[in-house]
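Every value quoted in this text rests on a predicted model; they were computed, and no experiment measured them. Residues take their numbers from the sequence shown, with the count starting at 1. Both ligands and their constituent atoms are indexed starting at 1 by order of listing.
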Amino acid sequence: MAMETRSVSLTQLTAWQALETHYQQMQHVHLRKLFAGDPKRGERFSQEAIGIYLDYSKNRITEETLRLLIQLAEESGLREHIDSMFRGDKINVTENRAVLHTALRAPKDAVINVDGKNVVPEVHQVLDRMSAFADRVRSGDWKGFTGKRIRNVINVGIGGSDLGPVMAYEALRHYSQRDMVFRFVSNVDGTDFAEATIDLDPEETLFIISSKTFTTLETMTNAQTAREWALKKLGDEKAVAKHFVAVSTNAAEVSKFGIDTANMFGFWDWVGGRYSMDSAIGLSTMIAIGPENFKALLAGFHEMDEHFRNAPFEKNLPVLMGLLTVWYADFFGAETVAVLPYDQYLKRFPAYLQQLTMESNGKSVTLSGARVNYQTGPIFWGEPGTNGQHSFYQLIHQGTHLIPCDFIGFAKPLNPLGNHHDLLMANVFAQSEALAFGKTPEQVRAEITPDWLVPHRVFEGNRPSNTLLLEKLTPEALGKLVALYEHSVFTQGVIWQINSFDQWGVELGKVLAKNIISELEGKADGKHDSSTSTLISRYRKLKG
Ligand code: F6P
């Protein structure tokens, strides 16, 4: 049974109203004052769990803010919603589906029922098949059609069937099999495919066609092109079985495409695309880092699941981070969140989080279909440090927008080189310090700055941030980090009373594009507004 939707609107909750009043007092309180008034603030507002240290002291909060935010979570029924998700209730009400990415990393002996059937044995069956296949490819036992060893793996997919695999491959490259090449094709722009294959030999290339539905236009187009590219050299339809495998929930479409379902790795409709990197969608990750490391990744996810499920809210990392996001989005009017990983291997982490956060919480009606009268999911963005510092940090420090930041850093580098790592980490700490405390006019003047220059060199400070500090970027740590954000997104969605697990907002564009394709090919004439019609006819004229 899905959870009952609440009849009381969010803004009528006692905690919400108390937060509105509390915000009036808090909006002008400076972090300088909060730190000066409490020498232990750094310890008081930090939390360590399962190897992640979260320092959230540089947020514009007091004990009272936290108390009210936690009360808001309680009044919103967060505890019941967490239980409901983990239990396999159909909380994705608009698609009538359970939401069970947590079952993908559940231990073998766990029991999680969907429609009266325990799904855990199937999850482990697929994992075992993936492991056996990954081992064969990694060891060279799985050969291409002409008997050559597979050296290149190309994942073809888009959205959740691409962003997770790309991010995880980049993040865990240090652990990857270095004599193999891993590439990712997502865009329907032919350049993506052309550049990914330009220097590869089809005889040594394996394509993983990853698509939950196996109907997505971009992926199907790229898969078809991959087939033609491979067969052009390999010559024989039978080669498809050696060079193509599929990851999907749709066996019928997979075999229609010509891939033997014996070479298909399944998953289930209760895994959302953006929550699927630890399902069979992670096959490329597993081939890259090996089954043991993949297991460690899953173990990391699971540890965070257990923490989220069991820790009291005031010690619960995803709950705290989720509530802070609500605090800034709804009371301070912050429109974005910057995620700033100080680790080059996490360079695709912000892009991954964009789908996770924005496809999940970019909603404007509640579960019961009413228009919300508050802000929901903020815009997530970011770049790895320190590059961002020399690009957009100016705006975060001195611009007019309030941008809460998440800094992510690791104590031990994977590539220790001279003093690089200390330099890197000094920047993490310096940035959050500068954002919080800024530089007063008095401090600027003391540096013998002429009066006219003072306002330009003042840093207001009072710009909030979280810092996540972990020991080392391992597969396990990555699993914990991803699950941390997954559950933070869930927490936010519960507070906002929205469905974080559908994505109707991407449908309209897909349908319209399908109609327009036949017009671009000159096969049909469509009715459009004057702007769209002119653009279509110009395009047709220009392309000749
Ligand atoms: O962009 C919409 C979306 O449905 C995403 O949610 C999903 O991750 C992506 O398309 C890809 O879908 P599929 O895996 O079915 O090809």
Subject >> Option of least heavy-atom distance to atom 10 (O) of ligand 1 (set: Gln503, Lys510, Glu218) >> reply: Lys510
Original post:
Quick one: which ligand 1 atoms are inside 4.0 Å of a heavy atom on Thr216?
Top reply: 12 (O), 13 (P), 15 (O), 16 (O)
Subject >> ligand 1 atoms in contact with Gly160 (distance to a heavy atom under 4.0 Å) >> reply: 7 (C), 8 (O)
Original post:
Should Lys212 be counted as touching ligand 1, given the test is an N or O pair under 3.5 Å?
Top reply: yes
**OP:** Please determine if Ser161 has a nitrogen or oxygen closer than 3.5 Å to a nitrogen or oxygen of ligand 1.
**Re:** yes
Students should be able to answer this: which protein heavy-atom is nearest to [atom], and at what distance?
{"atom": "atom 2 (C) of ligand 1", "result": "Val506 CG2, 3.4 Å"}
{"atom": "atom 9 (C) of ligand 1", "result": "Ile158 O, 3.7 Å"}
{"atom": "atom 15 (O) of ligand 1", "result": "Thr213 OG1, 2.6 Å"}
{"atom": "atom 1 (O) of ligand 1", "result": "Glu359 OE2, 3.4 Å"}

Subject >> Side chains of Thr249 and Asp269, donor plus acceptor under 3.5 Å >> reply: no
Original post:
In terms of side-chain heavy atoms, does His487 have a donor or acceptor partner in Asp305 at a distance below 3.5 Å?
Top reply: yes
**OP:** Look up atom OH in Tyr345 and atom NZ in Lys347, then write down how far apart they are to the nearest 0.5 Å.
**Re:** 10.0 Å
**OP:** Go through Leu414 and Tyr175 one step at a time and tell me if the side chain to side chain contact (heavy atoms under 4.5 Å, CB included) criterion holds.
**Re:** CA-CA 10 Å; Leu414 290 171; Tyr175 304 88; 3.6 Å; yes
Subject >> Test side chain to side chain contact (heavy atoms under 4.5 Å, CB included) applied to Asn466 and Thr325, Ile408, Leu324, the passing residue >> reply: Leu324
**OP:** Answer yes or no: are there more than 12 heavy-atom neighbours, outside Glu335 itself, under 6.0 Å from its atom CD?
**Re:** no
Subject >> Derivation and outcome, side chain to side chain contact (heavy atoms under 4.5 Å, CB included), residues Val319 and Phe308 >> reply: CA-CA 7 Å; Val319 171; Phe308 179 54; 3.7 Å; yes
